Amino acid sequence: MRWSQMFVPTLRDAPNDAVAASHRLLVRGGFIRQLHAGHYSMLPMGWRVHQKISQIVREEIDAIGGQEFLLPTMHPAEIWQQSGRWDTMGEIMFRLVDRKGNDNALGITHEEIFATVAAELSSYKQLPQLWYHIQTKFRDEARPKSGLLRVREFAMKDSYSFDVDWAGLDVQFDNHDRAYRRIFERIGVPSFGVEASSGAMGGNSSVEFMTPSDAGEDDVAMCPSCGYAANIEKATSHLAAVVDEPGPAVPERFATPGVRTIAALEAFAGGAAADRQLKTLVMVVDGTVTLVVVRGDHQLNIQKLIDATGAVQVRAGEPEEALAALGANPGSLGAVGVTHHPVIIDEALRGRTNMTTGANEDDWHLRGVDVDRDLRVTQWADLREVSAGEPCPTCQTPIDIVRCIEIGHIFKLGTGYAEKFGVTVLSPDGKQIPVVMGSYGIGVGRNMAASVEANHDDKGIIWPASIAPFEAVITLMRVDDESMAVGERLYDELRQARVDVLLDDRDARPGVKFADAELVGIPFRVTVGPKGLANGEVEVTERRTGQTTVVPLDDLAAHVAHLVAQAKS
RNA sequence: CGGGCUGUGGCGCAGUUUGGUUAGCGCGCUUGACUGGGGGUCAAGAGGUCGGGAGUUCGAAUCUCCCCAGCCCGACCA
């Protein structure tokens with residue numbers, strides 16, 4: 001490919017509304033252009049990278065026995081109704097009505113669709129199976145952002161495993177765990193696995209793969225000592241025991257004029273330290289007004305509440321709802337004596353006594369509250385969000401909270417989908433048994449962006465050779481006949497040596513060409529200029545280090561081919 | 001969905017407060033010349049419904065109203 005003929009619209013300035021490094025560089029480098037919020041066009045350079053990532057994913061999934069499919073991205077509503085997710089998915093799913101008046105959905109994921117195909121499985125002898133496709137997903141995200149990192153339309157490799165039993169699923173799950181780590185390694189994205197909430201996917205357990213980045217949207221609790229790592233939606237910590245002083249036999253009401261916050265009650269004479277207060281939150285859980293109680297100095301993690309209740313829709317209650325439910329405004333709420341609403345209470349409050357909480361009357365609180373004695377608890381659950389510095393749950397070293405990009409997610413689904421879609425096989429003893437499923441997803445574009453986040457400097461992108469749009473660029477200092485002839489000769493030789501090479505034959509100044517080559521991140525640059533040509537030499541510069549080596553013309557192809565092979569291994 | 005911000009040639013911006021010839025500047029683009037190892041210089045050009053609509057006015061990028069889009073924070077998110 002000749003640069004002069006290729007559409008590579010590099011920009012000197014990034015669009016001012018791009019903030020994330022990957023967003024700025026992918027736009028500046030002419031890889032992507034935005035169509036509208038959350039939808040990006042892949043330009044030729046971008047599509048090359050995208051395809052190389054897809055190919056690596058394909059190779060690694062094939063290596064663990066995957067069979068590639070291509071399933072539709074538009075689905076009839078009935079399939080989603082059959083799994084129940086037509087209703088539970090809510091607004092994330094794009095829906096449209098066809099000319100016959102039928103409801104359709106654009107696929108956000110493909111458990112249902114693969115399951116309908118898998119319904120044809122009939123014998124345990126056919127298992128295990130591992131099926132996948134690389135397909136466009138549509139998700140009507142509330143807030144697309146950061147270029148390719150969160151979009152509404154994107155290519156995802158999603159695979160689905162089918163096994164006779166849980167042991168089989170464990171094998172496929174572990175295979176994916178290893179395959180995913182190899183993929184991230186090959187595309188230059190540092191990764192680690194964390195315990196995660198399974199969210200709307202359902203299933204028993206899941207592992208998310210994360211890469212640390214300020215551009216990410218997930219917080220991960222990590223132990224620097226023992227390696228414990230969990231999404232904040234799932235993380236726990238080892239809490240120091242609090243010793244309560246003995247309290248009264250019944251809670252005491254006391255006046256607290258104007259006190260509306262935990263902090264104010266701490267400061268109030270006769271109040272209580274935050275860790276001796278009960279914080280009562282009014283939440284609406286699938287339409288039911290519910291009291292959620294956590295320790296005064298703790299924060300509720302909503303995903304934990306969703307996981308604990310199995311709810312679809314959870315939101316904070318409005319002040320009017322609190323007033324209607326409890327007769328007081330936020331700031332004076334409490335769960336003592338409440339029997340007409342579910343009360344869900346955080347595990348950290350087990351056995352606590354002599355606590356202070358709102359009295360459900362403005363300007364009044366209760367002290368001497370004994371959790372077991374005075375609250376009618378509907379459900380105990382781990383609800384609190386851990387904070388940095390709290391002791392690791394396994395080794396008690398202070399944990400860190402690290403911002404991360406979620407780059408992959410693997411789920412053990414179990415038999416739920418199989419039962420709903422009749423994916424059963426006959427076992428050796430002739431019984432119909434539901435197939436045990438797993439599902440495994442990795443977004444191509446997001447990983448492309450994640451790789452840029454991990455591989456760039458102030459000059460631009462530094463692609464790993466494995467996914468670079470080109471492995472090498474021949475930069476002609478002059479476009480005179482001699483340079484062009486040498487450039488074309490080297491180009492042919494490199495092609496024959498199976499190097500993916502671009503010939504920068506543009507009639508531009510060297511500075512422009514160097515800057516562009518660095519911006520678009522091609523790993524190796526071959527500089528053809530009059531200085532070297534006088535001695536029958538060219539220069540090879542490595543993008544990552546900037547190191548330049550002088551190489552005789554005749555050795556160039558072999559030299560670069562070797563460098564590329566080394567970089568890709 | 002709540003809060004904040006922004007829409008002016010392909011990109012980055014000024015002009016809007018205080019309405020007034022033909023809407024400027026840098027980059028990029030075209031042509032030519034000189035150049036040629038880190039975004040060069042000079043000259044001549046092309047390119048704009050000032051996000052959209054309605055209104056006020058002799059006159060609107062500028063004032064008023066409505067709408068739309070994009071970005072950031074939060075909520076939410078397989």
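Keep in mind the model is a prediction, meaning the values are calculated, not measured. Per chain, numbering begins at 1; letters A, B, ... match sequence-line order.
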B/A60 versus B/G2 - spacing of their P atoms, nearest Å: 35 Å

Heavy-atom donor-acceptor pair, A/Arg509 side-chain to B/G40 base, under 3.5 Å: yes

Value in whole Å for how far the C1' atom of B/C77 lies from CE of A/Met93: 14 Å

A/Asp504 CG to B/G38 C1', straight-line distance once rounded to whole Å: 13 Å

Touch class at under 4.0 angstrom, heavy-atom based, for A/Arg506 against every strand present: nothing

Nearest-Å distance for atom pair CD1/C1', residues A/Ile302 and B/C76: 9 Å

Interatomic distance, A/Leu11 CG vs B/G39 P [rounded to whole Å]: 19 Å

Same-atom distance (C1') from B/A46 to B/U35, integer angstrom: 24 Å

Base-pairing assignment for B/G28 (Watson-Crick or G-U wobble, both under 3.5 Å): none

Restricting to nitrogen or oxygen on both sides, can you table the protein-nucleotides 70-72 of chain B pairs closer than 3.5 Å?
| from | atom 1 | to | atom 2 | distance (Å) |
| --- | --- | --- | --- | --- |
| B/G70 | OP1 | A/Ala37 | N | 2.9 |
| B/G70 | O2' | A/Asp17 | OD2 | 3.1 |
| B/C71 | OP1 | A/Gln34 | NE2 | 3.0 |
| B/C71 | O3' | A/Asp17 | O | 3.4 |
| B/C71 | O2' | A/Asp17 | O | 3.4 |
| B/C72 | OP1 | A/Ser146 | N | 3.4 |

Parallel, tilted or perpendicular: rings of A/His133 and A/Tyr160 (30°, 60°): perpendicular

Identity of whatever pairs with B/U41 - Watson-Crick or G-U, under 3.5 angstrom: B/A33

Separation between the C1' atoms of B/A23 and B/G48, rounded to whole Å: 9 Å

Sequence-distant partners of A/Asp481, side-chain hydrogen bond (donor to acceptor under 3.5 Å, both in side chains), two or more places apart: none

All N/O contacts under 3.5 Å from nucleotides 23-27 of chain B to the protein, with atom names and distances to one decimal?
| from | atom 1 | to | atom 2 | distance (Å) |
| --- | --- | --- | --- | --- |
| B/C27 | O3' | A/Arg12 | NH1 | 3.2 |

P atoms of B/A61 and B/G55, separation to the nearest Å: 15 Å

Qualifying residues under side-chain hydrogen bond (donor to acceptor under 3.5 Å, both in side chains), relative to A/Glu542, sequence neighbours excluded: A/Thr545

Sugar-phosphate only, base, or nothing, as touched by A/Ile108 at under 4.0 Å among non-hydrogen atoms: nothing

Position toward the 5' end of RNA chain B (nearest nucleotide), A/Asp218 or A/Leu533: A/Leu533

Base of B/C11 paired with side chain of A/Arg28 (donor-acceptor, under 3.5 Å): no

All side chain to side chain contact (heavy atoms under 4.5 Å, CB included) counterparts of A/Asp177, not counting sequence neighbours: A/Arg181, A/Phe209, A/Ile410

Value in whole Å for how far the C1' atom of B/G10 lies from CZ of A/Arg33: 9 Å

Rounded distance in Å between the P positions of B/U6 and B/G24: 25 Å

Whole-Å C1' distance, B/C68 and B/A54: 14 Å

P-based separation of B/G70 from B/U8 [nearest Å]: 14 Å

Nearest to side-chain heavy atoms of A/Ala515, which nucleotide of B/G39, B/C77, B/G37: B/G39

Pair A/Phe69 and A/Phe114, ring centroids less than 6.0 Å apart: yes

Touch class at under 4.0 angstrom, heavy-atom based, for A/Gly441 against every strand present: nothing

Ring geometry between A/Phe138 and A/Phe94 (parallel below 30°, tilted from 30 to 60°, perpendicular above 60°): perpendicular

Rounded interatomic separation in angstrom, taking CD from A/Glu537 and P from B/G37: 19 Å

Please tabulate, one pair per line, all N/O donor-acceptor pairs under 3.5 Å involving side-chain atoms of residues 546-554 of chain A, not counting sequence neighbours.
| from | atom 1 | to | atom 2 | distance (Å) |
| --- | --- | --- | --- | --- |
| A/Thr548 | OG1 | A/Thr541 | OG1 | 2.9 |
| A/Asp554 | OD1 | A/Arg489 | NH2 | 2.6 |

Whole-Å distance separating the CE atom of A/Met477 from the C1' atom of B/G38: 9 Å

Whether A/Tyr180 and A/Phe184 hold their rings parallel, tilted or perpendicular, with breakpoints at 30° and 60°: perpendicular

Enclosure of A/Glu91 CD (heavy-atom neighbours >12, cutoff 6.0 Å): no

Identified side chain to side chain donor-acceptor pair (under 3.5 Å) partner of A/Tyr417 from the options A/Glu112, A/Glu111, A/Arg85, A/Gln82: A/Arg85

Heavy-atom check, side chain of A/Gln135 versus side chain of A/Leu70, under 4.5 Å: yes

Sugar-phosphate, base or nothing in reach of A/Phe154, heavy atoms under 4.0 Å: base

Sugar-phosphate, base or nothing in reach of A/Asp516, heavy atoms under 4.0 Å: base

B/A23 pairs with, by Watson-Crick or G-U criteria that keep both distances under 3.5 Å: none

Aromatic ring proximity, centroids under 6.0 angstrom, A/Phe31 and A/Trp463: yes

Touch class at under 4.0 angstrom, heavy-atom based, for A/Ala508 against every strand present: base

Atom-pair distance (CD on A/Glu141; P on B/C77), nearest Å: 10 Å

Rounded P spacing from B/G28 to B/U41 in Å: 9 Å

